[in-house]
Peer 1: 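Before I ask anything, here is the structure I am working with.
FYI, side chains are in, hydrogens and waters are out, and symmetry mates aren't considered; it's all heavy atoms of this structure.
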Amino acid sequence: MHIAEGYLPVSHAIAWSVAAAPFVVHGVVTLSRRVAADPESKLLLGASGAFCFVLSALKIPSVTGSCSHPTGTGLGAILFRPPIMTVLGTITLVFQALLLAHGGLTTLGANVFSMAVIGPWVGYGGYLLTRRLGLLPAVFAGAFAADLVTYCVTSAQLALAFPDPQGGFAGALAKFGGVFAVTQLPLAVSEGLLTVLVVRLLRTSAAADLIRLGVLRGREKAVAS
């Protein structure tokens, strides 16, 4: 994730921007409706965006032209659903490109697609698939999946842009994915555990908000109250 400024060929940068744009537009519309219908959610929205910004700013040098780090998108996807997390993730990436030289404007579309589009959707899917196991296991699964899939997509983006001379796309994908895996697997586990801790804190300090958002269900509401 966070492919560096100017690293992708122009045609790839444009293509990823076009691919990400509809998701961002849909997310803006969804976010506007959410805030209008539920003004009390603004505090948690801001907290979700800040969580994403802080975690994804903790970069570790990885493959040439990119880096490894947590993403922080799983929390927002679970609380507010993926379209809204797409907006929060895009805002995060814009500010990091402008203020931290982390990522770039020419590669913004590619970075948005991997971290703010695919990451939240896969993370939310992991959360739903494991929800019957309980809230906290599902939160871990969602945050873990959102983090890890971001790097799988980034590996594919880099492999498409820079295919291996002998192995082509598949060979490059194996190389990029293999290098990312060394740092990203432990980072995904760590992010999953941290997100669980955050949700546990919210369950005790902001249970009413979690109930209103539909995160706490059935018996969990009684336990939280």
Peer 1: Val35 and Leu79: same hydrophobic cluster, using ILVMFWY side-chain contacts below 4.5 Å?
Peer 2: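 Both belong to a single hydrophobic cluster.
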
Peer 1: Applying salt bridge (Lys or Arg N to Asp or Glu O under 4.0 Å), which residue pairs with at least one partner in residues 6-35 are found, sequence neighbours left out?
Peer 2: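 Every salt bridge (Lys or Arg N to Asp or Glu O under 4.0 Å) pair that includes a residue of residues 6-35, provided the two are not neighbours, is Arg34-Asp38.
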
Peer 1: With salt bridge (Lys or Arg N to Asp or Glu O under 4.0 Å) as the rule and sequence neighbours excluded, what pairs involving residues 148-162 come up?
Peer 2: none

Peer 1: Specify the closest pair of heavy atoms between Gly109 and Ala20, including all atoms of both residues, with the distance to one decimal.
Peer 2: O-CB, 3.8 Å

Peer 1: With Leu201, which residues qualify under side chain to side chain contact (heavy atoms under 4.5 Å, CB included), at least two apart?
Peer 2: Thr204, Ser205

Peer 1: Can you get from Tyr7 to Phe169 by hopping between Ile, Leu, Val, Met, Phe, Trp and Tyr side chains that sit under 4.5 Å apart?
Peer 2: yes

Peer 1: What distance separates Leu105 CG from Leu98 CG, expressed to the nearest 0.5 Å?
Peer 2: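 Taking CG in Leu105 and CG in Leu98, the distance rounds to 5.0 Å.
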
Peer 1: Compare all side-chain heavy atoms of Val112 with those of Val117 and state whether any distance is below 4.5 angstrom.
Peer 2: yes

Peer 1: Calculate, to the nearest 0.5 Å, the distance between atoms NE2 and OG1 belonging to His12 and Thr106 respectively.
Peer 2: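 Here the rounded value is 13.0 Å.
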
Peer 1: Under 4.5 Å between side-chain heavy atoms, hopping through other hydrophobics if needed: is there a path connecting Leu58 to Phe144?
Peer 2: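 Shared cluster, yes.
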
Peer 1: Identify the two heavy atoms, one from Arg217 and one from Arg131, that lie closest to each other, and give their separation to 0.1 Å.
Peer 2: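 Taking Arg217 first and Arg131 second, the nearest heavy atoms are NH1-CG, 3.0 Å.
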
Peer 1: Considering non-hydrogen atoms only, spot the tightest contact between Ala57 and Leu100 and give its length.
Peer 2: CB-CD1, 4.1 Å

Peer 1: Side chains of His2 and Met115, heavy atoms from C-beta outward: is any pair under 4.5 Å?
Peer 2: yes

Peer 1: Do side-chain atoms of Gln96 reach the backbone of Phe53 as a donor and acceptor pair under 3.5 angstrom?
Peer 2: yes

Peer 1: Indicate every side-chain donor-acceptor pair of residues 80-94 with a distance under 3.5 Å to a residue at least two apart or in another chain.
Peer 2:
from, atom 1, to, atom 2, distance (Å)
Arg81, NE, Tyr124, OH, 2.8
Arg81, NH1, Ile78, O, 3.1
Thr86, OG1, Pro82, O, 3.1
Thr86, OG1, Ala116, O, 2.6
Thr90, OG1, Thr86, O, 2.7
Thr92, OG1, Leu88, O, 3.0

Peer 1: By the side-chain hydrogen bond (donor to acceptor under 3.5 Å, both in side chains) test, which pairs, at least two apart or in different chains, include something from residues 41-50?
Peer 2: none

Peer 1: Could you give the distance from CG (Asp209) to CG (Leu44), rounded to the nearest 0.5 Å?
Peer 2: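 Nearest 0.5 Å value for the CG-CG distance: 5.0 Å.
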
Peer 1: How would you list, by chain and number, every residue that makes a side chain to side chain donor-acceptor pair (under 3.5 Å) with Gln157, sequence neighbours excluded?
Peer 2: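 Here no residue qualifies.
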
Peer 1: Between Val149 and Trp121, is a side-chain contact (heavy atoms from CB on, under 4.5 Å) present by the stated rule, with each step listed?
Peer 2: CA-CA 10 Å; Val149 75; Trp121 277 107; over 6 Å; no

Peer 1: Can you name the side chain to side chain donor-acceptor pair (under 3.5 Å) partners of Thr30, sequence neighbours left out?
Peer 2: none

Peer 1: For Val18, which fellow cluster members are found when Ile, Leu, Val, Met, Phe, Trp and Tyr are connected by side-chain heavy-atom distances below 4.5 angstrom, either directly or through intermediates?
Peer 2: Val10, Ile14

Peer 1: Taking atom types as modelled and ignoring hydrogens, do the side chains of Glu5 and Thr107 form a donor-acceptor contact shorter than 3.5 angstrom?
Peer 2: no

Peer 1: Does the side chain of Val139 reach to within under 4.5 Å of the side chain of Val198, using non-hydrogen atoms?
Peer 2: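 In short, these two side chains do not touch, never coming nearer than 4.5 Å.
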
Peer 1: Could you list the residues that satisfy side chain to side chain contact (heavy atoms under 4.5 Å, CB included) with Leu136, not counting sequence neighbours?
Peer 2: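 Only Val196, Val199, Arg200, Arg203 meet the side chain to side chain contact (heavy atoms under 4.5 Å, CB included) criterion with Leu136.
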
Peer 1: Find out whether Asn111 and Thr154 are in side-chain contact, i.e. whether some heavy atom of one side chain is under 4.5 Å from a heavy atom of the other.
Peer 2: no

Peer 1: Would Leu31 and Leu45 count as a side-chain contact (heavy atoms from CB on, under 4.5 Å) if you check the C-alpha gap in whole Å, the side-chain angles of each, and the deciding distance to 0.1 Å?
Peer 2: CA-CA 9 Å; Leu31 177 59; Leu45 279 168; 3.8 Å; yes

Peer 1: Side chain to side chain contact (heavy atoms under 4.5 Å, CB included) with Ala15: which residues, sequence neighbours excluded?
Peer 2: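 Expected list: none.
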
Peer 1: Nearest 0.5 Å, please: how far is CZ in Phe113 from CZ in Phe23?
Peer 2: 5.5 Å

Peer 1: Side chains of residues 158-166: which donor-acceptor partners sit under 3.5 Å, not counting sequence neighbours?
Peer 2:
from, atom 1, to, atom 2, distance (Å)
Asp164, OD1, Lys175, NZ, 2.5
Asp164, OD2, Gln166, N, 3.0
Asp164, OD2, Gly167, N, 2.7

Peer 1: Give the minimum heavy-atom separation between Ala13 and Leu8, together with the two atoms involved.
Peer 2: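 In terms of heavy atoms, the two residues are closest at N-CB, 4.5 Å.
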
Peer 1: Provide the closest heavy-atom pair for Tyr127 versus Val215 in the form atom of the first, atom of the second, distance.
Peer 2: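 Looking at all heavy atoms of both residues, the closest pair is OH-O, 3.9 Å.
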
Peer 1: Is Thr71 close to Leu55 at the side-chain level, that is, under 4.5 Å between some pair of heavy atoms?
Peer 2: no

Peer 1: If every non-hydrogen atom of Leu216 is compared with every non-hydrogen atom of Ala207, which pair is closest and at what distance?
Peer 2: CD1-O, 3.9 Å

Peer 1: Test: side-chain hydrogen bond (donor to acceptor under 3.5 Å, both in side chains). Region: residues 14-24. Which pairs qualify, not counting sequence neighbours?
Peer 2: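 Qualifying pairs: none.
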
Peer 1: Distance-only, no hydrogens or angles: does the Tyr151 side chain make a donor-acceptor pair with backbone N or O of His69 under 3.5 Å?
Peer 2: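 Checked: pair present.
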
Peer 1: Between atom CD1 of Ile3 and atom OG of Ser114, what is the distance when rounded to the nearest 0.5 Å?
Peer 2: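 One finds 6.5 Å between CD1 of Ile3 and OG of Ser114.
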
Peer 1: Atom CG in Leu197, atom CZ in Phe140: separation rounded to 0.5 Å?
Peer 2: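 Here the rounded value is 11.5 Å.
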
Peer 1: How about CZ on Phe95, more than 12 heavy atoms from neighbouring residues, nucleotides or ligands closer than 6.0 Å, or not?
Peer 2: no

